Amino acid sequence: MSNMKVTVDKILSLSESDGVDELQKHLTLLSGDQLTTMLTNSAVKGKDTGVLIKAIFKGSPVSVSHGANRRLLVYKHCIPLCESGDLQTEVTSDIIGLLMLETHSLPGHALATLASLYVDAIKLGEMNSGRSLELFPTILTALAATEALAYGKGELSGDEYKKQLINSLCSSRWDPQCVIHLTTMFRDVPLSAEELQFLIEKILRMFLKLDLQEIPPLVYQLLLLTAKGCKKLVLEGIISYFKKQDQLQKEEQRNGESEDVEVQTIPQDQLRHVEGTVILHIVFAIRLDHELCREFLKNLKAAQSDPLCPFSIALLLSVARIQRYEEQVFEFLKGAITKNFKDDQIQHSSKFLQELLPQGNSISNMILDTVKNSVFGWDHVTQGLVQLGFILMDSFGPKAGAFGKVTEGTSSTAKTPNQLACRLGGQVLLESFKMHEPIRGEILEQVLNRLVTKTASPVTHFIDLLSSIVMSAPMILLESSSKVTETFDQLSYLPLSTVEGLLKAVQPLLKASMSMKDALILVLRKAMFSSNLDGRKSAVAGFLLLLKNFRILGSLASSQASQAITSSQVQADVHSRYNTAANEAFCLEILSSLRRCLNQQADVRLMLYEGFHDVLRRNSQLASSIMQTLLSQLKRYFEPEQDLLPPLKLESCISAHGDQVFIQEPLAHLLCCTVHCLLWNQNIRSGGNVSNDEDDEDEEGGVQSELHTILESTTKRMMTSKDKCAEFSTSSSVGVKNSIYAVLVMGLNEVLMEYNFITANYSKNHFEDVLELFKRYHKVSEILKERAGKGRPTSSKTSRSLLSLGFISTLLTALFRDSTQSREESLSVLRSSGDFLRYSVSVALQKIQQLEETGHTDGPEGQSPDKTFCHLCDITSVLMWRYTNVPSTVEDAGKKEKGQSVSLLCLEGLLRVFTTVLQRFPTRMSNFLSSLEAEGEGSDLTEQTAFYIRQFQRALMNQLSGGEEGFNSKEAQLLVSILSILSRQHNPSSQQFVQMITWTVKICKETNFEDISLTKGLLSLLFNLHVLYKSPVSLLWEMCQDIHSQLGDIDQDVEVEKQSHFAIISMKTAASTTLLVLSQVGKVLDEVDWLIAKKKGQIGSDRTISGNTQQPLGQQDPIEKAVTIQLGTLLTALHELVQTALPTGPCTDTLMRELSRTYSILTTLTKYYIQLCATQPGQLSARLEKLVKLSGSHLTPQCYCFITYVQSGELTAGGPEKLKKKKKEDEAVAAASAKVLRESKASKALIFNIEQYEKFLILLSKKSKKSKVNLMQYMKYMKLRDFRINAATLVACNFDQINDGRMRLFFFQKTLLTPNC
């Protein structure tokens, strides 16, 4: 050891002196082992290592072989020494630094040796620490600069040798521990584009072999490596890796749930934290390199097949925090979301598409998964989620239609892509609110701001969101109660619907927060005296809501009331003691405030009357106060003198201001409210459900007795009142006043009818009173219709009936289903009046229509979905029984009365009911059908639906088999519409669905009624069913043949072969059938266009949408084959139509448009094959060749002749000689000129699309050289663009009859310039 120390000292002293020769001699005396041992000892001790290496290099000149070899020896020894980990970090850095400085002086063979040494060490896994890898880039750089190296028996340049080394390195197995070090190392290695791609693909493949915790640092190094290029490849690889990990995680969860075991390859929380870190790395890299983001967005937009996953969505939302990309990201996400929903809708509506394509991934699930994943510390994603949620709700929420009517339904019945996107936005915000405490305040504030500011557009979706937030976390919202109370200050300025929705949404909070309740009451009291009518109505709505929900102890339990209190309310009640005295005082105080409304406008009073009954049902202890209030108000208009007629002061109900006359007191609604409250309270008291003090009972009994007396007196005197003939014109104030009187009288009669029927206890005398009241009602109604104004059409819209839905259900059951012997005589009084029966069913129709449009009905229980549904079931059961047991033919034969038959009204009611249930109660269809008839019950919805379908099928068959005398067109149309609705409930793969299609096809083939409306209905039903079973193109072809056969050929000399696939298509119905067929052709073209767009988006990708790898042109994949067959069959069908002598007008216009669109899609398909030729050389398929031949040799020539036929047909349709007066002549010229212009545009568009198609066919023939097929050989050159003077027409035209210059010009255009064909 001492000798070694002496040697080291000797070398160092010689190095410091100028004796280089002596240093060389001394080093020559040392063997290789001595030299390496000396280096090792010095490095381990950490003393003079760098100086020693410098001295050795100084004494080892590269110019001599032994010096170069000694240097090589030092490199060979130091590299594994540094890698061993035995040295201090500072010593290792010094050694590597010195070696890097001297690398460029090494000869080529030494560099090659060192490079190979590194490659071998990496292959053997000896570079795990990566300490010496810093030297490798320097060696490769120096090697690339070497001019020539011996390689085998020849030579290679240094650059080529470097390429082979990198290729060998990337092709070999890497130890996972050295991947990060190698990636870091390659940042300093000069690489060509191919080498860089090869390297990155290798690193991306290593992802799956690495531990999850090693992914973030590797991604960081990869992102730094993208400075050299391949940005798209790196981002695709990272996203693909995490997408696979997410899929594995989901599969493990599913398997774990099914097998009841928990086995996780990768813990979920660990994966999410790694994803979050990687997202941060990528966003940081994007901030430094904006080209990286441009590549990222460009790649997502280009990849149409499957562009998004939860990880990429989270990455996009993080990138959106960078201001310059915010708008781009959210626009892309909006587009991707709506496109996904539209694609799902298109695919769901066509069996043809479902069989071709697998169901795509739901973007809704991906985004909601991103929300769930964000709980693992993804703070950089949460803000983007909030923005996305509000952007979706703002962009795709319901829009205000005409007169403020909402054009789209609520989120619960979302069907359209816009509705689904809006619902998704609400779900994102709701889930984000639940999971992330920091953003709750912001979400709540933005929702409330939109309720206040968006007064011109519907805000139902934001109210639904607020309600869901309150229901999910009421106690959390109390922390932000100040924001809610600030919103209360704006109540008097908001639309009434917004106020009602807002108060219902926050109602659970009011019971838990006294301060919030007090703030609301203060605001409502101020609003009660607002100068704004809507403000006062809002106050009434708010007070009524409070009365319903702050129940006094002793009121009916929620199970006995019509509406159950929400779970959140119950929860709030648990946390706050019931103070019955305080609640009673509070409610009585509100009632005293509401009494002031009885002196305000009719709209305010009307709200109060409509709300009192619900208050009474929910808070029965207020009965005494409410009944007393109603009695006092009614007495103001009641004439106590029994001899006075009418019994009510109608004059006091009407006010006039100048020439304007308006209603001051909605007396009928007041009486209606009184009757409903009286009857409900009487039933409850008689049932003993509510206990009370004796004094209160006596007082209430007195009020009830007095009200009964008033109602009975009013009934008798209303029956004896005389109807006076009067003017009812809306153009005069007297007429308006009389019309208001009439409406009041009609409403009063309706209310009294309901009261007397319910209190009659099936007494014949009372039912005679009911009928007499109805006659008075009917007489006034008829007078209103007759005298509404001379020469003015009467409005078909009748005033809304005041009968309640529950009463209508009871009345119809009694009229049609009650077979109790003891009631037969009394009920026969009502049953004998056909007008009364029709009126009863008509009111039911009106209520059902109101339910369909608004989701609720007027009157008691109209706001309760459960009660409404029960009444709807009862009404439907009666209507169904009445229609099936008393056919319209029997009824019509028995008596001929004015108006529709009852059976027909019942059938119309059934149609509306089925439509309403599907729209408003889609999840309860099975319960609905089960409730109609016991015999209709089946094991599932399919069996139940099939039962009722068979009943309506029999009814339709009876109509069709009864001959033309017994045929009722409207009834047949209604039956077809009902069958269309019910058939949607069948699963397209079920046997019942196939049976329905078979039956429909049979009816269409055998029915020969020349009824246009019935034909349209049946064919629409057939098309709607067939498209869910298989493609309808063969059906269209047969129908086109029938149309051609019925209408004849455009060439009168050609005799068309008589064919009749469908007897329903006749000479009379052919034109309307043509429009239906062309409409279906348009839908098929939409599907084909969509498929071609899908295929075009996949050109150049590794796999197609059907999961197959790319294949040569000659071997068509299933989608290309299906597209070709569809278009081929369509062309054959259109070939029939263009030869048909269609009547000019809508038929020819529509056919021209569809032909133009067909050629446009053929052009798109041709462009697709041109693109395909560039990526997949090969022969064109035989099917495509046949399609081109079919279009060129069959359809195109007929299109040109069809254009000529249309133009000549318009000429013979009418001439200017028929015009006699100047004014009519000018109008005819203007109309004819507009028609010429419109049709010339259609023909020009068709010719242009044909020429475009031929142009790209030429290009495709050139591109597909291997096929050696001239596609243009099937095209015939036409001369339609060449015009000539038609001499025959010129001679036949008598110009003396044409005086106007404009008409001459029109005639010249239409007759003289005739195209050659």
Side-chain angles (χ1 to χ4, degrees), residues 403-404 492 494-501 503 524 527-548 590-591 593-617 626-627 629-638 648-650 652-655 657 660-678 736-737 739-752 754 797-805 846-847 850 853-854 856-863:
F403 308 108
S492 58
L494 299 179
L496 179 61
S497 59
T498 303
V499 173
E500 290 177 335
L503 293 180
L524 294 178
M528 187 70 77
F529 302 98
S530 170
S531 60
N532 183 10
L533 177 61
D534 279 348
R536 297 196 294 278
K537 291 168 74 174
S538 298
V540 173
F543 279 136
L544 288 173
L545 182 75
L546 292 172
L547 286 176
K548 289 178 198 174
I590 291 177
L591 271 177
S593 298
L594 286 174
R595 287 192 187 99
R596 298 171 189 168
C597 299
L598 297 177
N599 295 318
Q600 295 193 12
Q601 287 93 336
D603 287 349
V604 180
R605 300 186 194 189
L606 186 60
M607 281 198 66
L608 193 59
Y609 298 152
E610 289 178 344
F612 264 155
H613 185 267
D614 282 342
V615 170
L616 190 61
R617 295 173 70 87
I626 291 175
M627 298 304 296
T629 301
L630 291 172
L631 176 62
S632 301
Q633 186 70 2
L634 191 58
K635 278 183 174 180
R636 293 170 60 181
Y637 303 97
F638 178 68
L648 298 168
K649 302 173 184 177
L650 298 180
S652 303
C653 299
I654 298 176
S655 298
H657 183 73
Q660 292 184 342
V661 180
F662 51 89
I663 189 167
Q664 180 67 32
E665 173 65 66
L667 187 58
H669 289 83
L670 169 60
L671 193 67
C672 181
C673 175
T674 305
V675 166
H676 289 146
C677 291
L678 175 64
V736 172
K737 189 174 182 179
S739 297
I740 295 175
Y741 280 144
V743 171
L744 281 175
V745 170
M746 288 168 62
L748 291 171
N749 281 320
E750 281 193 311
V751 174
L752 291 172
E754 181 169 346
K797 185 176 181 181
T798 57
S799 58
R800 192 173 286 174
S801 173
L802 292 183
L803 300 182
S804 64
L805 186 65
Q846 186 188 94
K847 296 293 179 182
Q850 185 187 9
E853 293 173 354
T854 63
H856 57 81
T857 62
D858 297 330
E861 304 173 344
Q863 300 287 336

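Atoms considered below: every heavy atom in the structure, side chains included; atoms not considered: hydrogens, waters and symmetry mates. Residue numbers start at 1 and run along the sequence shown. Keep in mind the model is a prediction, meaning the values are calculated, not measured.
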Under 3.5 Å: donor-acceptor pair, side chain of Lys737, backbone of Ile654: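 Side chain of Lys737 to backbone of Ile654, a donor-acceptor pair under 3.5 Å: no, none is there.
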Mind checking side-chain contact (heavy atoms from CB on, under 4.5 Å) for [X] and listing every partner two or more places apart, or none if nothing turns up?
X	answer
Ser652	Tyr637, Lys649
Glu500	Leu496, Ala541, Met607
Thr854	Gln850, His856
Leu606	Glu610, Pro666, His669

Under a 4.5 Å cut-off applied to non-hydrogen side-chain atoms, are [X] and [Y] in contact?
X	Y	answer
Leu671	Leu802	no
Asp858	Lys847	yes
Leu805	Glu861	no

Least distance between heavy atoms, Cys597 atom then Leu608 atom: CB-CD2, 4.2 Å
Shortest non-hydrogen contact from Met528 to Leu594? CE-CD2, 4.3 Å
Approximate separation, where rounding is to 0.5 Å, of [X] [atom1] and [Y] [atom2]:
X	Y	atom1	atom2	result
Gln633	Leu670	CD	CG	6.0 Å
Phe543	Leu503	CZ	CG	11.0 Å
Cys673	Leu630	SG	CG	4.5 Å
Ser492	Leu533	OG	CG	12.5 Å
Tyr609	Cys677	OH	SG	11.5 Å
Leu544	Leu524	CG	CG	10.5 Å

Tell me every residue that passes side chain to side chain donor-acceptor pair (under 3.5 Å) with [X], counting only those two or more places apart in sequence or in another chain.
X	result
Ser655	Gln664
Ser801	Glu750
His676	Glu754

Suppose we screen for salt bridge (charged side-chain N to carboxylate O under 4.0 Å, His left out). Which residues come up paired with [X], at least two apart in sequence or across chains?
X	value
Glu665	Arg605
Lys635	Glu706
Asp534	none

Salt bridge (charged side-chain N to carboxylate O under 4.0 Å, His left out) contacts touching residues 593-602 (sequence neighbours left out): none
Listed pairs under 3.5 Å, donor-acceptor, residues 740-749 side chains, sequence neighbours left out:
{"unit_1": "Tyr741", "atom_1": "OH", "unit_2": "Glu651", "atom_2": "OE1", "d": "2.8"}
{"unit_1": "Tyr741", "atom_1": "OH", "unit_2": "Glu651", "atom_2": "OE2", "d": "2.8"}
{"unit_1": "Asn749", "atom_1": "ND2", "unit_2": "Val745", "atom_2": "O", "d": "3.1"}

Could you walk me through whether Thr629 and Leu591 pass the side-chain contact (heavy atoms from CB on, under 4.5 Å) check? CA-CA 9 Å; Thr629 301; Leu591 271 177; 5.5 Å; no
